[in-house]
There are 2 protein chains.
Amino acid sequence: MRIGEVAEKAGVGVETIRFYERKGLIEQPRKPADGGYRSYSSETVNRVRFVREAQCLGFSLNEIEELLTLRADPETDCADVRERAQAKLDEVKNKIARLAGIQSALENLIQECRGDGPASSCCPILDALDTEDKESMT
Amino acid sequence: MRIGEVAEKAGVGVETIRFYERKGLIEQPRKPADGGYRSYSSETVNRVRFVREAQCLGFSLNEIEELLTLRADPETDCADVRERAQAKLDEVKNKIARLAGIQSALENLIQECRGDGPASSCCPILDALDTEDKESMT
DNA sequence: CTTGACTCCGTACCTAGCTACGGACACTAG
DNA sequence: CTAGTGTCCGTAGCTAGGTACGGAGTCAAG
């Protein structure tokens with residue numbers, strides 16, 4: 001599969017694939033044999049899709065690389081992998097919990113704001129977060 | 001309260017406060033009366049903290065501005081606020097659901113990888129996401 | 001009335017994550 | 001053989017979100 005096809009299937013531009021390749025996020029398929037063109041497996045399409053998905057969820061490319069290496073190397077010791085996975089899991093759980101805070105603040109806002117009157121007194125987003133937040137910054 | 005105090009209490013740099021001010025994320029407190037120094041209320045500290053918190057959760061500054069304006073204007077009609085809040089709520093729920101996907105993939109990984117043997121065959125992160133993901137990109 | 005801490009402002013610079021440009025090959029169809 | 005399309009590569013440019021710099025003004029303490 002050539003670069004254009006991968007890009008299309010993954011829903012990104014060709015340049016993005018080249019960019020990810022330089023970043024080491026996807027396989028380096030230098031194939032001077034075939035006219036010098038890159039040749040990818042369908043695996044790469046999945047990888048690229050995973051990258052985009054993870055980005056939407058707030059992971060940086062560096063973090064995504066970590067996520068990806070969790071499954072990568074057959075040589076790697078399982079204990080090491082577990083450790084990294086556990087750390088990522090903690091991050092993810094933390095993120096979910098904090099989003100849940102925002103979620104309930106928004107739900108409050110929507111419930112209390114029944115659609116009549118002015119909005120001023122019924123929008124406790126900041127308040128809701130303030131109280132949880134006060135001394136909890138890292 | 002002057003800019004340095006706000007910055008310290010919110011745990012950011014002075015330049016960041018000025019940057020947020022330019023972006024319209026916090027009040028514009030031009031006070032030529034008091035020697036030309038900015039003067040902030042403690043409200044601003046909360047706002048800045050909220051901005052940082054929301055950023056960690058994957059919101060852009062533009063999105064955060066939207067979140068913040070949900071509680072802002074006493075003139076705004078409640079119905080409009082509700083609409084925006086509902087849209088944000090949908091985004092948030094969606095994010096949580098997708099993070100939950102990653103969470104369970106990581107939990108699987110950790111469970112299946114009992115700490116012995118090689119890591120190659122027990123790391124279904126990509127697989128777990130692939131199956132959910134196949135045709136669901138926006 | 002000098003010193004030091006703080007602030008002012010504009011501008012420049014930085015990282016992350018792309019995105020576009022441009023000239024040179026390759027490969028296919030006509 | 002000539003287009004046309006796709007690819008190669010390096011480099012430049014772009015947006016977001018800061019971060020740093022430098023020269024000048026403010027102000028309280030000594």
Side-chain angles (χ1 to χ4, degrees), chain A residues 1-41 44-45 47-69 91 95 137-138, chain B residues 1-41 44-45 47-69 91 95 137-138:
Chain A
M1 205 187 306
R2 294 205 311 202
I3 195 170
E5 194 181 347
V6 173
E8 197 196 347
K9 284 186 177 167
V12 304
V14 166
E15 306 293 335
T16 303
I17 304 289
R18 295 213 309 123
F19 176 73
Y20 287 170
E21 192 182 312
R22 262 174 285 167
K23 286 274 166 178
L25 286 167
I26 57 177
E27 43 180 332
Q28 248 90 354
R30 191 86 180 79
K31 302 264 179 179
D34 179 29
Y37 291 173
R38 291 168 179 83
S39 173
Y40 296 97
S41 67
T44 307
V45 177
R47 252 182 120 92
V48 173
R49 286 209 258 229
F50 176 77
V51 171
R52 304 306 289 212
E53 173 73 4
Q55 274 187 300
C56 290
L57 299 173
F59 294 101
S60 71
L61 292 187
N62 285 343
E63 290 173 323
I64 292 165
E65 199 178 353
E66 283 180 49
L67 280 173
L68 284 167
T69 54
E91 282 174 35
K95 249 178 202 179
M137 291 299 283
T138 327
Chain B
M1 205 186 304
R2 294 204 312 201
I3 194 170
E5 194 181 346
V6 173
E8 196 197 345
K9 285 187 178 167
V12 304
V14 167
E15 307 292 336
T16 303
I17 304 289
R18 295 213 310 122
F19 177 72
Y20 287 170
E21 192 183 312
R22 260 174 300 186
K23 285 275 169 179
L25 287 167
I26 58 178
E27 44 179 336
Q28 248 90 355
R30 190 85 181 76
K31 302 265 179 175
D34 180 29
Y37 291 172
R38 291 168 179 82
S39 173
Y40 296 97
S41 68
T44 307
V45 177
R47 251 179 121 96
V48 174
R49 285 209 257 231
F50 176 75
V51 171
R52 304 308 287 213
E53 173 72 6
Q55 274 188 303
C56 290
L57 298 173
F59 294 100
S60 71
L61 293 187
N62 284 342
E63 290 172 324
I64 292 165
E65 199 179 353
E66 284 180 49
L67 280 173
L68 285 167
T69 54
E91 281 175 36
K95 248 177 201 176
M137 292 298 286
T138 325

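Here is the naming used below: chain letters follow the sequence lines, and residue numbers restart at 1 for every chain.
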Using the rule given for side-chain contact (heavy atoms from CB on, under 4.5 Å), can you reason through B:Met1 versus B:Val45, listing the C-alpha separation, both sets of side-chain angles and the distance that settles it, and then say yes or no?
CA-CA 10 Å; B:Met1 205 186 304; B:Val45 177; 4.0 Å; yes
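Partners of A:Glu63 according to the side-chain contact (heavy atoms from CB on, under 4.5 Å) rule, which considers only residues two or more places apart in sequence or in another chain, are A:Phe59, A:Ser60, A:Lys88, A:Glu91. Scanning for salt bridge (charged side-chain N to carboxylate O under 4.0 Å, His left out) contacts around A:Arg18 gives A:Glu15, with sequence neighbours left out. Every residue two or more places apart in sequence or in another chain was checked for a salt bridge (charged side-chain N to carboxylate O under 4.0 Å, His left out) with B:Glu27, and none qualifies. Partners of B:Phe19 by side-chain contact (heavy atoms from CB on, under 4.5 Å), not counting sequence neighbours, listed by chain and number: B:Arg22, B:Lys23, B:Leu61.
In this structure, B:Ile3 places its CD1 atom 17 Å from P of D:dT26, rounding to the nearest Å. With rounding to whole Å, B:Glu5 atom CD is found 12 Å from C:dC6 atom C1'. For the pair A:Glu65 CD and C:dA16 C1', the interatomic distance rounds to 14 Å; values are reported in whole Å. The nearest whole Å value for the distance from the CD atom in A:Glu8 to the C1' atom in D:dG6 is 13 Å. For B:Tyr40 and C:dT7, the OH to C1' distance is 11 Å, given to the nearest whole Å. Between B:Gln28 atom CD and C:dC8 atom P there is a gap of 13 Å when expressed in whole angstrom units.
The residues B:Glu53 and B:Arg49 are annotated as not salt-bridged, no charged nitrogen and carboxylate oxygen being separated by less than 4.0 angstrom.
Contact annotation: the side chain of A:Glu21 approaches that of A:Arg38 to within less than 4.5 Å [non-hydrogen atoms, C-beta and beyond].
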Pairs: protein N or O with nucleotides 16-21 of chain D N or O, under 3.5 Å:
unit_1 : atom_1 : unit_2  : atom_2 : d
D:dG17 : OP1    : B:Leu61 : N      : 3.0
D:dG18 : OP1    : B:Arg52 : NH1    : 3.3
D:dG18 : OP2    : B:Tyr20 : OH     : 3.0
D:dG18 : OP2    : B:Gln55 : OE1    : 3.3
D:dG18 : OP2    : B:Gln55 : NE2    : 2.5
D:dT19 : OP2    : B:Thr16 : OG1    : 3.0

Identify all pairs in which a protein N or O lies below 3.5 Å from an N or O of nucleotides 25-29 of chain C, and state each distance.
unit_1 : atom_1 : unit_2  : atom_2 : d
C:dA26 : O4'    : A:Tyr37 : OH     : 3.3

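The closest side-chain donor-acceptor pair between A:Tyr20 and A:Glu65, if any, does not fall under 3.5 angstrom.
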